[in-house]
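Accompanying notes for the structure given below.
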Amino acid sequence: MKGKKVVSYFMAAVLMTGICGSVPAAEVHAEGDYEKVVYAFPSFNNIPTEESIASVEEAINEITREKINVEVDLMPLNIAEYTQQVTLALQGGEAVDCFMSLGDFNNCVSTGMAADITDLVDTYAPETRDLIGEEWMKTTTKEGAVYGFPTYKPVALTPMVVYKQKYVDELGIDMSKVNSIEDLTDVLRKVKEAYPDITPLVPVNSGETGIMQAAGDVDFLSDDYTSPKGVLMGESTEVVDFYSTDRFKELCSLTRTWYNEGLIMKDAATTTAAAAELMSADNSFCYVAAYSYPEADTAASLEAQCGNFKLGAKIIGEAYLDTSSVNALTWMISSTSKVPEAALKFLNLTFTDKEVVNLIIYGIEGRDYVKDAEDFVSYPEGQDASTVPYTAQLSCGVLGNFFIMYPMAGTNKESLDWELEQNKEAKTSNAMGFSFNSSSVKTEYTAVANVVSQYLPGLQCGSVDPETELPKFIDALNSAGMGSIVSAKQEQLDTWMAENK
């Protein structure tokens, strides 16, 4: 397991009893007599050395000892291994107190990983509860029990087309007229006509062209949007099979047109390359995905990943929030924690204390980053994210309160206002707060997932004809048990609606 002090964590948890009060902690505690909290967080950056982590811990603990009588042990884990490592740690009796759901809130609750913190929130984290707000707190509440706090970040994902600016400029294309995924067709045709060797549209991921994110107001009811199994459409509270809807058929017909006209990458359904790699080549024009930042910021942030081509971005739909939009990244207290009160106090600081948050993200000022008079952050001269002793900068969107983190140099601070407004003003599902328990249809879920993986990539990438393949897909879904899943969702949703509306 990557991270620090792994062996000692398995050996024993360090359990200390703190005395809370108004007297400074240093005056009431003997050295080492603070409650220890292990904070396991996912990192997209290189995992720092134990020595570098220890220096950041000490800087944080200088704050937390006095404020909450707690010391923290940071446990950064590689993002690709995070869920598995946290699960194994908890199963193995390792001391992990705070952890992130990382897209699997329901599983964290149903498997007993997360503690019920209902009776602790008002005492130990009232500031975070108030910050998150009642509507969002519903998303981390299940059967009346509170299980965590959703990361406070831009979550209102807006479908966009991300494109290479030079082709738009050379052809005089007016991207302001592209306001839906259907409007994109004429643009792709113009690019293909002028540049026959260019692939106008590439997939964002293997078998994923972005049409699911541009489908409109769809609540996937606890499922991943790449594999929905029973959804709500628009204002309706009737659960339906998305693949049987007219909207899905329209989108498949659209991508089939693109495929037949050579407007989409021919092996989009099977390629292992993602958009960033494909856009790094000179023979590609655009892709469709969803982002939670303004158009200009989105384009600028992606340029380094996409071969340093000048990019543009254009919104082609409206943001839409459902339960999973909010609770996908939920901070929880482990059910095995011996110090849940202390853990919750520390978690509260990661949402409310600017110093603590930025220490976790950026490390030690002057060594790991430099900050100008306006609080813009950059790496020390001659250094970057791979060479500084400590950084978790790429994890800033998953830790605590995004809006009190120092912005990186080049960021537009006015964008934060836009992002907050999007969170507040985005359309919201009628079932906001509802989470589906799939335990009664586990067998059907497995069977349906297998059918989806067989048919969906080809249909949404246009490489198969929806006129012939879509009926086969729907028949196979019904045989696999889609009807049972839809019925189970409807039954649970009806019960939830009766209790919460």
Side-chain angles (χ1 to χ4, degrees), residues 2-4 39 41-64 72-80 151 153-154 162 164-166 276-277 279-280 291-313 349-350 353-419:
K2 294 185 179 181
K4 65 185 290 290
Y39 180 79
F41 65 94
S43 179
F44 294 83
N45 296 97
N46 296 331
I47 302 302
T49 64
E50 183 171 331
E51 181 181 4
S52 298
I53 295 173
S55 63
V56 176
E57 286 174 347
E58 180 55 30
I60 294 172
N61 290 337
E62 288 178 5
I63 299 169
T64 58
V72 65
D73 280 342
L74 299 178
M75 185 187 286
L77 300 170
N78 184 285
I79 183 71
T151 299
K153 64 184 286 290
V162 178
K164 289 177 180 171
Q165 188 67 49
K166 69 174 183 176
E277 179 182 349
M279 289 288 283
S280 294
Y291 295 98
S292 56
Y293 308 106
E295 292 169 338
D297 285 8
T298 297
S301 68
L302 294 169
E303 286 175 359
Q305 302 174 35
C306 297
N308 289 311
F309 288 100
K310 178 67 176 176
L311 299 179
L349 290 186
T350 69
D353 190 292
K354 194 169 186 176
E355 285 188 88
V356 169
V357 170
N358 285 290
L359 278 164
I360 297 173
I361 292 294
Y362 294 114
I364 306 299
E365 184 175 2
R367 183 194 72 177
D368 302 314
Y369 72 96
V370 292
K371 181 164 60 74
D372 67 17
E374 296 183 14
D375 284 350
F376 283 105
V377 166
S378 57
Y379 294 108
E381 186 175 355
Q383 302 235 52
D384 58 28
S386 65
T387 60
V388 291
Y390 177 100
T391 188
Q393 180 263 322
L394 293 178
S395 304
C396 64
V398 299
L399 305 184
N401 184 352
F402 174 86
F403 295 101
I404 61 174
M405 297 174 188
Y406 299 136
M408 287 294 290
T411 301
N412 182 357
K413 286 188 177 181
E414 292 179 0
S415 298
L416 294 176
D417 296 330
W418 184 91
E419 291 153 8

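Predicted, not measured: the structure shown is a model, and the values here were computed from it.
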**Request:** Mind checking the CG-CG spacing from D73 to N61? Nearest 0.5 Å is all I need.
**Result:** 7.5 Å

**Prompt:** Do S415 and Y293 touch side chain to side chain, with heavy atoms closer than 4.5 Å?
**Reply:** no

**Request:** State, to 0.1 Å, how close I404 and V357 come at their nearest heavy-atom pair, and which atoms those are.
**Result:** CD1-CG2, 3.9 Å

**Item:** Partner residues of N45 under the side-chain hydrogen bond (donor to acceptor under 3.5 Å, both in side chains) criterion, sequence neighbours left out
**Value:** none

**Prompt:** Looking at CD of E303 and CE of M279, how far apart are the two atoms once the value is rounded to the nearest 0.5 Å?
**Reply:** 10.0 Å

**Request:** Could you tell me which non-hydrogen atom of Y379 sits nearest to which non-hydrogen atom of A385, and how far apart they are?
**Result:** OH-CB, 3.3 Å

**Item:** Partners meeting side chain to side chain contact (heavy atoms under 4.5 Å, CB included) with S55 (sequence neighbours left out)
**Value:** I364, R367

**Prompt:** Are L311 and Q165 close enough that some pair of their side-chain heavy atoms sits under 4.5 Å apart?
**Reply:** no

**Item:** Partner set under side-chain hydrogen bond (donor to acceptor under 3.5 Å, both in side chains) for N358, not counting sequence neighbours
**Value:** none

**Prompt:** Where is the tightest heavy-atom contact between S378 and A409, given as atom of each residue plus distance?
**Reply:** CB-CB, 4.2 Å

**Item:** Beyond-backbone contact of I60 with L74, side-chain heavy atoms, under 4.5 angstrom
**Value:** yes

**Request:** Keeping to residues at least two apart or across chains, list the ring pair (Phe, Tyr, Trp, His ring centres under 6.0 Å) pairs with something in residues 382-407.
**Result:** Y152-F403

**Prompt:** Around atom NZ of K310, are there more than 12 heavy atoms of other residues, nucleotides or ligands at under 6.0 Å?
**Reply:** no

**Prompt:** Considering residues at least two apart in sequence or located in another chain, which fulfil the salt bridge (Lys or Arg N to Asp or Glu O under 4.0 Å) criterion with D375?
**Reply:** K354, K371

**Asked** Is a side-chain donor or acceptor of T391 paired with a backbone partner of Q393 at a separation under 3.5 angstrom?
**Response** yes

**Item:** Heavy-atom closest contact (P294 atom, E419 atom, distance)
**Value:** CD-OE2, 3.5 Å

**Fill in**
CG (L399) and OH (Y39) are apart, to the nearest 0.5 Å, by 4.5 Å

**Asked** Which residues satisfy the side chain to side chain contact (heavy atoms under 4.5 Å, CB included) test with I79, sequence neighbours excluded?
**Response** P42, F44, L102

**Item:** side chain to side chain contact (heavy atoms under 4.5 Å, CB included) partners of A300, counting only residues at least two apart
**Value:** none

**Fill in**
Heavy atoms of P380 and G366 approach each other most closely as CG-O, 4.3 Å

**Request:** For E277, check salt bridge (Lys or Arg N to Asp or Glu O under 4.0 Å) against everything at least two apart and list the hits.
**Result:** none

**Asked** Can you tell me how far CD1 of I47 sits from CD1 of I53, rounded to the nearest 0.5 angstrom?
**Response** 7.0 Å

**Side chain proximity check, D368 to V388, heavy atoms < 4.5 angstrom** = yes

**Any residue meeting ring-ring contact (aromatic ring centres under 6.0 Å, His included) with Y369, in chain and number order, not counting sequence neighbours** = Y362

**Request:** Sequence neighbours left out, what passes side-chain hydrogen bond (donor to acceptor under 3.5 Å, both in side chains) with E355? Give chain and number order.
**Result:** none

**Request:** With sequence neighbours excluded, tell me which residues meet salt bridge (Lys or Arg N to Asp or Glu O under 4.0 Å) with D297.
**Result:** none

**Request:** Keeping the roles fixed (side chain from T151, backbone from V398), state whether a donor-acceptor pair exists under 3.5 Å.
**Result:** yes

**Asked** Just how far is it from atom OG of S292 to atom NZ of K153, taken to the nearest 0.5 Å?
**Response** 4.5 Å

**Prompt:** Can you name the residues that form a side-chain hydrogen bond (donor to acceptor under 3.5 Å, both in side chains) with T387, not counting sequence neighbours?
**Reply:** Q383, D384

**Message:** Quick check: closest heavy atoms across P48 and P389, and the distance to 0.1 Å?
**Reply:** CB-O, 3.4 Å

**Prompt:** How far does CG of L359 sit from CD of E58, to the nearest 0.5 angstrom?
**Reply:** 11.0 Å

